[in-house]
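If you're wondering where the values come from, they're calculated on a predicted model, not measured in any experiment. Positions are given from 1, in the same order as the sequence printed here. Whatever order the structure lists them in is the order used to number ligands and atoms, beginning at 1.
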Amino acid sequence: MAKLIQYRTNASLYDGAFDSTVGWAAAGMADVIVTDNKKLIVIDGGFGDDAEGILSILQSNTESEIPHVDLWIITHPHHDHCGAIRELACNENFRSKLTVGKILYWFPPEFCGKDGKAGALVKANERMETVLEAFGAEYHRPSLDEKISIDGIVLHFLYVPDDCTILNTGGGNSNLCSLIFTVESENKKAMITGDAYHRSMQMTVWRYHKKLKCDILQMPHHGLCDSHNIEFYREVNAETVLIPTSAAGYRTMHSDMYADREGRNNNLWAENNAAQVFKAFEGTAEIEL
Ligand SMILES: [Fe+2]
């Protein structure tokens with residue numbers, strides 16, 4: 001039976017202040033898919049300090065001496081998502097302990113930063129080139145509606161970074177580039193949203209209206225109230241919800257602090273609609289896929 005593992009990132013244990021003064025310390029995000037025949041797919045990986053933990057998950061889910069990741073997917077170029085793969089690639093202690101076949105990502109070079117100028121993601125691309133080189137991995141650029149099959153698991157890309165050229169009208173937050181895709185086995189289907197924002201999910205609803213039903217939903221942007229889309233949540237209608245959130249983030253979003261925010265209430269709808277909820281800070285969770 002294939003499984004989806006939501007890893008308990010180190011940052012998820014943060015339990016301090018969480019507001020607009022000190023900032024929103026989210027949690028990073030790291031998921032591992034283990035197929036029926038123990039092929040490994042990684043989604044993001046968390047911050048650099050999660051490298052050791054992710055490696056340990058990979059080691060304990062493989063029969064070979066050195067784990068081999070068939071496909072490593074990076075949803076978008078933020079450190080809390082691509083820090084671990086960089087650490088694994090650049091730290092001599094780690095690099096020889098795993099191999100990576102293919103890395104999937106796309107950080108559009110025309111993406112505009114807060115200053116409105118294109119090129120905000122050029123450095124992030126250069127860093128990923130180093131990762132590819134260190135692992136001798138193949139590069140794969142995702143395209144809209146593409147399907148990739150690995151040992152009975154089908155990945156289907158519903159929103160890809162090139163779509164952000166439609167949405168990138170200012171603001172410069174590369175969460176707008178975050179991939180949205182499904183991971184489907186014979187038995188179950190999971191919706192992965194990375195740190196997608198409202199408009200990305202809205203575009204996905206328009207494109208795939210009535211085709212989004214999934215068993216599992218990874219809540220976008222760590223379950224924080226600046227990202228939400230009630231139509232998307234209703235269409236996905238998941239029985240299981242994964243929240244890559246910190247203890248502080250979860251507590252705050254369930255307090256009265258942001259009770260007047262539409263996003264907070266929409267996110268609570270998705271959570272309350274589910275039969276089971278896995279929060280990253282509560283521990284690494286293994287879910288049948
Ligand atoms: Fe994030």
Side-chain angles (χ1 to χ4, degrees), residues 5-16 18-20 22-32 42-51 53-54 72-87 104-108 111 113-114 120-121 123-124 127-128 131 159-161 163-164 167-168 171-181 190-201 217-229 232 241-253 258 261 263-264 267 270-271 278-282 284-285:
I5 302 171
Q6 175 174 257
Y7 174 65
R8 190 229 72 197
T9 57
N10 288 318
S12 72
L13 298 180
Y14 174 74
D15 201 10
F18 194 99
D19 56 39
S20 51
V22 297
W24 285 6
M29 178 178 143
D31 293 341
V32 175
V42 180
I43 304 169
D44 291 339
F47 281 106
D49 68 355
D50 290 310
I54 283 293
W72 198 309
I73 299 168
I74 301 292
T75 60
H76 67 293
H78 278 154
H79 296 296
D80 60 323
H81 297 254
C82 59
I85 193 172
R86 288 214 304 267
E87 180 65 15
L104 180 153
Y105 66 93
W106 176 236
F107 308 156
F111 189 83
K114 285 194 179 114
L121 305 182
K123 282 217 164 65
R127 286 194 288 263
M128 285 306 294
V131 172
Y159 178 94
V160 292
D163 287 323
C164 78
L167 303 180
N168 186 206
N173 192 320
S174 62
N175 285 345
L176 286 168
C177 294
S178 187
L179 289 163
I180 299 177
F181 60 100
M191 178 68 73
I192 306 295
T193 60
D195 279 2
Y197 276 158
H198 179 275
R199 287 294 304 275
S200 312
M201 288 183 274
L217 168 67
Q218 173 248 310
M219 290 298 285
H221 199 215
H222 314 282
L224 301 176
C225 64
D226 63 342
S227 179
H228 64 100
N229 188 294
F232 183 84
V241 159
L242 309 179
I243 318 184
T245 178
S246 65
Y250 189 80
R251 185 186 63 242
T252 304
M253 292 303 146
Y258 296 103
R261 292 266 201 117
R264 183 258 199 188
N267 288 342
E271 190 179 333
F278 294 96
K279 305 147 207 163
F281 63 88
E282 289 185 333
T284 296

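- With a cut-off of 2.8 Å, the Fe ion (ligand 1) has no N, O or S atom of H78 in range.
- Formation of a donor-acceptor pair under 3.5 Å by the N267 side chain with backbone atoms of R264 is not found in this model.
- Nearest to the Fe ion (ligand 1), among the N, O or S atoms that H222 has, is NE2.
- Inspection of the T9 and D50 side chains reveals no N or O donor paired with an N or O acceptor under 3.5 Å.
- Shortest distance from the Fe ion (ligand 1) to D195 is reached at OD2 (N/O/S atoms only).
- When distances to the Fe ion (ligand 1) are checked against a cut-off of 2.8 Å, H221 contributes no N, O or S atom below that limit.
- D80 contributes atom OD2 as its closest N/O/S atom to the Fe ion (ligand 1).
- For H221 and H81, the ring centers sit 6.0 Å or farther from each other.
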Determine whether C164 and W106 satisfy the following criterion, side-chain contact (heavy atoms from CB on, under 4.5 Å), listing intermediate values before the conclusion. CA-CA 11 Å; C164 78; W106 176 236; over 6 Å; no

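- For the atom pair CG of L224 and OG1 of T252, the computed distance is 9.0 Å after rounding to the nearest 0.5 Å.
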